Amino acid sequence: MGGDVACCGVVDSGESDSFYATKPEYQDDVPKTRFKLRAGKTLSARKWNSAFSQDGQLDIAKVLRRIQRGGVHPSIKGVVWEFLLGSFDPNSTFNERNQLRQHRRWYQYGTWKSECQKMEPTIGSGTIILAPIITTDGRPICDPSNNRDTQEDNTVPTSTPDASLKHEEHAVDTDLEKKVIQWKLTLHQIGLDVVRTDRSLVFYESEANLAKLWNVLAVYAWIDNEIGYCQGMNDLCSPTVVLLENEADAFWCFEHVMRRMRENFKATASSIGVQSQLNALATIIKMVDPKLHQHLENLDGGEYIFAFRMLMVLFRREFSFVDALYLWELMWAMEYNPSLFSLYEGPNAAMDRNNAPKGNDKLLKQYGRFERKNLKTGFSDKSSSLSVFVVAGILKSKKKQLLREARGLDNVLKVLNELTGKLDAKKACNEALKIHKKYLSKTKK
């Protein structure tokens with residue numbers, strides 16, 4: 001998806017839809033797209049290309065202004081997202097980024113994918129697994145319904161250490177075996193989730209594209225030792241696979257999405273990771289609208305579990321595919337911090353707001369509107385991301401209806417479910433910024 005686009009005035013949303021064609025049988029079922037390309041507001045390929053210096057440094061402030069006004073043209077979303085997510089440093093050159101891209105493609109992703117292929121040959125074969133391939137104790141299951149060669153060695157690999165090292169390495173081998181078993185046990189679940197992901201898109205009529213999504217999720221599950229794969233990651237990964245043709249590039253884009261989102265997928269016997277964001281949401285509503293919070297609490301909704309889905313998959317169910325992507329890039333642009341790349345890549349780097357350029361207007365413009373406000377006030381609650389304030393804005397926008405109709409949590413969910421396809425991404429973000437401002441003013445008192 002590349003090339004420039006000549007825009008004159010407002011372009012019908014059908015043009016943006018054409019990049020993500022919907023199957024005819026789903027036309028009446030999917031939410032209508034509200035996003036429209038707007039000349040002078042939407043970041044076009046021409047404006048994007050003009051934002052680079054001769055050697056490749058990006059004027060990120062200029063890009064952020066455009067995105068926050070009107071989103072990103074579909075033809076360049078993938079490459080723009082790589083910067084918004086901190087995958088590349090805007091101060092790097094074309095050559096530096098190309099070297100990093102090639103290193104990630106061939107050395108890092110290529111190595112991980114090869115490891116996975118040795119354990120499970122279906123990886124990279126163009127097909128996916130839809131049924132269990134091993135038992136919980138690691139014994140292979142021969143299932144003809146799977147697209148795989150059942151004669152391939154499917155045993156759990158173990159190393160053969162030197163005799164003098166066997167004792168010391170036995171624990172390591174056991175941990176590796178457990179990791180391999182756990183990974184293989186998730187492969188069919190990933191496959192089942194993949195075939196259900198964005199089924200309305202023509203893009204996923206291709207088995208090769210389904211396999212691409214499955215590969216990315218399977219490799220990610222292998223390298224994330226703590227979490228592996230969880231349902232919902234497929235919804236976060238799918239847009240990166242659609243937007244970026246190269247599988248490794250799609251993987252790295254998704255991996256950077258997960259750097260923002262993975263805390264939500266952590267779970268213990270007594271809590272879920274997203275609980276911290278739900279707690280933050282409760283605190284925000286309690287402060288900016290005590291009456292609404294009290295009403296929800298009276299309905300036994302004080303833990304705000306009804307907002308679980310919104311935060312876990314970043315509003316994928318509340319917006320059309322196109323509008324969800326628009327909302328994501330608006331939020332990421334508004335949350336942008338130019339230290340993201342160094343935070344991710346530097347071993348000792350961290351975003352210290354105390355050392356931020358508070359008095360330097362030129363440097364402050366390199367931050368998104370939401371992050372800039374946090375800088376100026378010193379607010380640094382990681383759980384209170386812009387997405388949490390977006391949920392707060394949605395709840396406030398339905399306050400009258402919730403107070404009038406909600407007599408239980410089922411009523412709250414019904415009101416929220418009725419919003420599918422009716423929300424405007426830009427308005428949702430602007431309302432979130434207003435609530436954020438109000439919240440910060442109250443916390444300072």
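Predicted, not measured: the structure shown is a model, and the values here were computed from it. In what follows, residues are counted from 1 in the order of the sequence shown.
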Does K212 use its side chain to pair, donor to acceptor, with the backbone of V241 at less than 3.5 Å? yes
Trace of the side-chain contact (heavy atoms from CB on, under 4.5 Å) decision for E418 with K414: CA-CA 6 Å; E418 288 172 352; K414 181 176 181 292; 2.7 Å; yes
Does F265 reach the side chain of I272, with side-chain heavy atoms less than 4.5 Å apart? no
State whether K184 and E120 are salt-bridged, where the test is any N-O pair (Lys NZ or Arg NE/NH1/NH2 against Asp/Glu carboxylate O) under 4.0 Å. no
Do you know the tightest heavy-atom contact between S387 and S385? OG-OG, 2.8 Å
Using the rule salt bridge (charged side-chain N to carboxylate O under 4.0 Å, His left out), only one of E345, E247, E255 pairs with R104; which is it? E345
Determine, for E335 against R260, whether the closest basic-nitrogen to carboxylate-oxygen distance falls under 4.0 angstrom. yes
Could you label the plane-to-plane angle of the F19 and H73 rings as parallel, tilted or perpendicular, counting under 30° as parallel and over 60° as perpendicular? perpendicular
How long is the straight-line distance from CG of L37 back to CG of L43, given to the nearest 0.5 Å? 11.0 Å
Heavy atoms only: give me the nearest I67-A333 pair and the separation to one decimal. CG2-CB, 3.6 Å
Do the charged groups of D323 and R34 touch, with an N to O distance under 4.0 Å? no
Using ring pair (Phe, Tyr, Trp, His ring centres under 6.0 Å) as the criterion, list what pairs up with W332, not counting sequence neighbours. W81, W328
Any idea which heavy atoms bring S383 and V388 closest together, and the distance? O-CG2, 3.4 Å
N/O donor-acceptor pair under 3.5 Å between N411 side chain and G408 backbone: yes
Assess whether atom NZ of K41 is packed by more than 12 heavy atoms of other residues, nucleotides or ligands within 6.0 Å. no
With a cut-off of 6.0 Å (strictly less than), are more than 12 heavy atoms of other residues, nucleotides or ligands near NZ of K23? yes
Is the gap between the ring centers of Y109 and H103 under 6.0 Å? no
Between the main-chain N or O of L236 and the side-chain N or O of T240, is there a donor-acceptor pair closer than 3.5 Å? no
Check for me whether K179 meets the cation-pi criterion with W222, that is, NZ or CZ under 6.0 Å from the six-membered ring centre and within 45 degrees of the ring axis. yes
Minimal heavy-atom distance between S238 and T197, with the atoms involved, is CB-CG2, 3.6 Å
With a 4.0 Å cut-off on N to O distance, would you call R309 and E318 a salt bridge? yes
Just checking, is any N or O donor in the side chain of D193 or Q231 under 3.5 Å from an acceptor N or O on the other one? yes
Heavy-atom check, side chain of C230 versus side chain of M233, under 4.5 Å: yes
Can the positive tip of R259 be found less than 6.0 Å from the middle of the six-membered ring of Y344, inside 45° of the ring normal? yes
Only one of D198, N209, L210, T22 passes side chain to side chain contact (heavy atoms under 4.5 Å, CB included) with F203; say which it is. N209
Count the heavy atoms of every other residue, nucleotide or ligand shown that sit under 6.0 Å from CG of D29, and state whether that count exceeds 12. yes
Considering all heavy atoms, the nearest V72-T42 contact: C-CG2, 3.8 Å
Please name the residue in the list F341, Y336, W48 that meets the ring-ring contact (aromatic ring centres under 6.0 Å, His included) test with F83. W48
Under the salt bridge (Lys or Arg N to Asp or Glu O under 4.0 Å) criterion, do D89 and R97 qualify, and how do the steps go? CA-CA 8 Å; D89 183 356; R97 289 195 295 277; over 6 Å; no
Is the closest basic N to carboxylate O distance between R262 and E226 below 4.0 Å? yes
Within the 4.5 Å heavy-atom criterion, are K365 and L64 side-chain neighbours or not? no
N215 side chain to A211 backbone, donor-acceptor under 3.5 Å: yes
If you count heavy atoms of other groups shown closer than 6.0 angstrom to CG of D28, is the number above 12? no
I284 and A392: which non-hydrogen atoms are nearest, and at how many Å? CG2-CB, 4.1 Å
Pairs where residues 267-303 contributes a residue and the test ring pair (Phe, Tyr, Trp, His ring centres under 6.0 Å) is met, not counting sequence neighbours: H293-Y304
Quick one: does S339's side chain have a donor or acceptor within less than 3.5 Å of a partner on L343's backbone? no
Hey, does the side chain of Q68 reach the backbone of R369 with a donor-acceptor pair shorter than 3.5 angstrom? yes
Here the side-chain hydrogen bond (donor to acceptor under 3.5 Å, both in side chains) pairs for residues 427-439, sequence neighbours left out, are N374-H436
Would you say S384's side chain and A280's backbone share a donor-acceptor pair under 3.5 angstrom? no
Side-chain donor or acceptor of N234 paired with backbone N/O of G232 under 3.5 Å: yes
N/O donor-acceptor pair under 3.5 Å between W214 side chain and L187 backbone: yes
How far apart are the C-alpha atoms of S276 and E263, what are their side-chain angles, what is the distance that settles it, and do they pass the side-chain contact (heavy atoms from CB on, under 4.5 Å) test? CA-CA 9 Å; S276 61; E263 291 296 318; 5.9 Å; no
Roughly how far apart are F321 CZ and T33 OG1, rounded to 0.5 Å? 10.0 Å
Would you call R101 and E82 a salt bridge, taking side-chain N to carboxylate O under 4.0 Å as the test? yes
Decide whether K291 and Q294 meet the rule of one side-chain donor and one side-chain acceptor closer than 3.5 Å. no
Checking K77 against F35: charged group under 6.0 Å from the ring centre and within 45 degrees of the axis? yes
For the pair V242 and L325, evaluate side-chain contact (heavy atoms from CB on, under 4.5 Å) and give the outcome as yes or no after the intermediate values. CA-CA 11 Å; V242 173; L325 271 55; over 6 Å; no
Applying ring-ring contact (aromatic ring centres under 6.0 Å, His included) to F319 and Y326, what does each step give before you reach the verdict? CA-CA 10 Å; F319 291 84; Y326 177 37; 9.1 Å; no
Examine distances only and state if a side-chain atom of K266 and a backbone atom of I227 form a donor-acceptor pair shorter than 3.5 Å. no
For residues W112 and W183, establish whether the separation of their ring centroids is below 6.0 Å. no
Positive for side-chain hydrogen bond (donor to acceptor under 3.5 Å, both in side chains) with N337, one of E371, Q366, R372: E371
